[in-house]
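Take a look at the structure set out below.
None of the values given here were measured: they were computed from a predicted structure. The first residue of the sequence shown is numbered 1, and numbering continues consecutively from there.
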Amino acid sequence: MKKMMVIVGLLLICLPTICYGEDTGESSTNESSFDASHELSHQYARKQTLNGKTTKIKKKKEEIYLEFPFKNRPYVSFSEFVLYGPTNGYAGFIETIFYRDKIKIRDMYYENDPVKTDKIGMYSTDLCFTSEEGVIYHYKNVPYLVSSDKPTAFFSEINFDKENKKISGELKMPASKNTYQIELFYTDNNEYHYQETSVDKKGQFSIDLNREGIEGEMYLRASDGLGNYADASDILKEGSSRYHVQPNELKTIEDSYKVIKNKNTLLDLVARILARVLSAIIVLLTLLRLRVLLKRRKRRRRLRKNRE
């Protein structure tokens, strides 16, 4: 009985590790864990970036400590960098902090988690800088964006229904933590020159025009706000227009979803292990209870035989 309980327990605990074990190397980059369930416009993001009310401020001795709520507002960035580009440019940080926190900066350097440009996304760094008045500031969780220097998403189809004032289409897009935004621009300089909508999980989008659309005087852009984007596409005619996407680009897009899936399997693995451990505990307690009942039954039989 004891051997059987030990074997059952080991199987229940080890089985998920055997089935789902994988290399789960983690990056040291401070990456946003944000997973948007609703659309966020670029205009809204810009307003949030320059809204200094969200900054936490503490003063210790003669130095001031600032902190940005990065985990709660990771869609906005203080500065932008190019994938695999130089990381020693502070101009974006200096300009944003001036407009956001009204601080004129004399010099600046990375204090912790220096900027890295080895992958697309939104990340954060810790800055230390001195104001023109000589006050030392420590700014924690300052967000920055790393974007590709070439498009990573592609329009594969655009449909312009002029009669019903509607534009729809399909976007081939890599996996992202945010929803992709489609921006429609009118270039005839009339009223209501800008509209936007979000892309669904299958890459489909649709825009109901709030004014008359004219072929040749409209174009679309797409972006997830986290470094992935599509080149602008002009709407030159009514009806459906299809665009060829290179096979290697489609392969890259498909592979990006596999990476996301592998990251999710780590959480699934932990959940499965915990479930198996709890199941093992329940089974072991049940077997122990059965063992006690069997012993009591044997003891009663012996007592009956002794009485007889």
Side-chain angles (χ1 to χ4, degrees), residues 31-43 45 74-75 77 80-85 117-123 145-162 164-187 194-209 213 215-265:
E31 183 176 5
S32 167
S33 58
F34 179 60
D35 188 4
S37 59
H38 60 281
E39 61 186 75
L40 296 169
S41 71
H42 295 292
Q43 295 174 343
Y75 188 81
S77 63
E80 295 186 11
F81 294 85
V82 178
L83 184 66
Y84 302 121
T117 59
D118 57 338
K119 57 181 179 178
I120 295 172
M122 190 79 72
Y123 309 96
L145 176 67
V146 179
S147 300
S148 175
D149 58 350
K150 60 181 181 179
T152 54
F154 306 89
F155 289 102
S156 59
E157 182 179 2
I158 296 176
N159 300 300
F160 175 31
D161 187 343
K162 188 172 184 178
N164 295 313
K165 293 185 176 182
K166 185 175 182 178
I167 292 176
S168 60
E170 182 182 46
L171 181 72
K172 298 296 184 182
M173 55 190 185
S176 174
K177 293 181 179 180
N178 196 15
T179 52
Y180 280 80
Q181 298 293 307
I182 300 293
E183 298 173 311
L184 169 64
F185 292 89
Y186 301 90
T187 58
Y194 170 85
Q195 284 184 251
E196 70 176 4
T197 189
S198 58
V199 184
D200 66 20
K201 293 181 179 179
K202 294 182 179 180
Q204 305 294 320
F205 64 89
S206 179
I207 303 175
D208 292 322
L209 306 184
E215 55 270 38
E217 295 187 353
M218 297 182 293
Y219 68 91
L220 295 174
R221 293 194 314 190
S223 170
D224 68 344
L226 298 176
N228 294 295
Y229 67 93
D231 275 343
S233 181
D234 293 319
I235 300 174
L236 301 175
K237 66 176 184 176
E238 294 183 52
S240 176
S241 298
R242 295 183 178 275
Y243 305 93
H244 177 69
V245 182
Q246 295 295 332
N248 62 315
E249 302 292 358
L250 290 174
K251 179 68 166 53
T252 301
I253 290 172
E254 291 175 3
D255 291 343
S256 71
Y257 287 94
K258 294 177 182 178
V259 172
I260 294 294
K261 186 176 180 180
N262 289 338
K263 288 183 179 179
N264 291 335
T265 55

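Legend: residues meeting side chain to side chain donor-acceptor pair (under 3.5 Å) with S156, ordered by chain and number and at least two apart, are E170. Under the ring-ring contact (aromatic ring centres under 6.0 Å, His included) criterion, F154 pairs with no residue at all, not counting sequence neighbours. Partners of E215 by side chain to side chain donor-acceptor pair (under 3.5 Å), not counting sequence neighbours, listed by chain and number: K162. Shown here are the side chain to side chain donor-acceptor pair (under 3.5 Å) partners of S233, two or more places apart in sequence or in another chain: there are none. Applying the side chain to side chain donor-acceptor pair (under 3.5 Å) criterion to N164, with sequence neighbours excluded, gives D161. Every residue was checked against the salt bridge (charged side-chain N to carboxylate O under 4.0 Å, His left out) condition with K150, not counting sequence neighbours, and none meets it.
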If you apply the rule side chain to side chain contact (heavy atoms under 4.5 Å, CB included), what do you find for Y123 with F81, and how did you get there?
CA-CA 11 Å; Y123 309 96; F81 294 85; over 6 Å; no
Just do the side chain to side chain donor-acceptor pair (under 3.5 Å) check on N228 and T152 with the steps written out, would you?
CA-CA 6 Å; N228 294 295; T152 54; 3.0 Å; yes
Any chance you could lay out the side chain to side chain contact (heavy atoms under 4.5 Å, CB included) test for I235 and L220, step after step, and finish with the verdict?
CA-CA 8 Å; I235 300 174; L220 295 174; 4.0 Å; yes
Which is it for L184 and F205 under the side chain to side chain contact (heavy atoms under 4.5 Å, CB included) test, yes or no, and what are the steps along the way?
CA-CA 12 Å; L184 169 64; F205 64 89; over 6 Å; no
Trace of the side chain to side chain contact (heavy atoms under 4.5 Å, CB included) decision for Q181 with S223
CA-CA 5 Å; Q181 298 293 307; S223 170; 5.8 Å; no
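Between the side chains of S240 and N159, at least one donor-acceptor pair of N or O atoms lies under 3.5 Å. Checking Y194 against E183 by side-chain atom types alone, a donor-acceptor pair falls below 3.5 Å.
Taking the six-membered ring where the residue is Trp, Y219 and F185 present parallel rings, their angle staying beneath 30° rather than reaching 60°.
Taking the side chain as every heavy atom from C-beta outward, K172 and L250 approach each other to under 4.5 Å. A 4.5 Å side-chain heavy-atom check between L83 and T117 finds every atom pair outside the cut-off. Side-chain contact between P174 and Y180 is present, with at least one heavy-atom pair separated by less than 4.5 Å. In this structure, the side chains of I167 and L209 come closer than 4.5 Å at one or more pairs of heavy atoms. With a 4.5 Å cut-off on side-chain heavy atoms, M173 and V199 count as touching.
In this structure a side-chain-to-backbone donor-acceptor pair under 3.5 Å is present from T187 to E217. Between the side chain of S256 and the backbone N or O of A175, at least one donor-acceptor pair lies under 3.5 Å.
Of all heavy-atom pairs spanning L171 and I182, the tightest one is CD2-CD1, 4.3 Å. Across G225 and M122, no two heavy atoms sit closer than the pair O-CE, 3.7 Å. Considering all non-hydrogen atoms of both residues, D208 and Q195 come closest at O-NE2, 3.0 Å. Across every non-hydrogen atom of L226 and L145, the tightest pair is C-CD1, 3.3 Å. For I120 against S147, the heavy-atom pair with the smallest separation is CG1-C, 4.4 Å. Residues P151 and A230 come closest through the heavy atom pair CB-CA, 4.3 Å.
F160 contributes atom CZ, which lies 11.0 Å from atom OG of S168 (distance to the nearest 0.5 angstrom). K251 contributes atom NZ, which lies 10.5 Å from atom CG of N248 (distance to the nearest 0.5 angstrom).
Among residue pairs with one or both ends in residues 230-246, those qualifying as salt bridge (Lys or Arg N to Asp or Glu O under 4.0 Å) are E157-R242; sequence neighbours excluded. Sorted by first and then second residue, the ring pair (Phe, Tyr, Trp, His ring centres under 6.0 Å) pairs involving residues 225-249 (not counting sequence neighbours) form an empty list.
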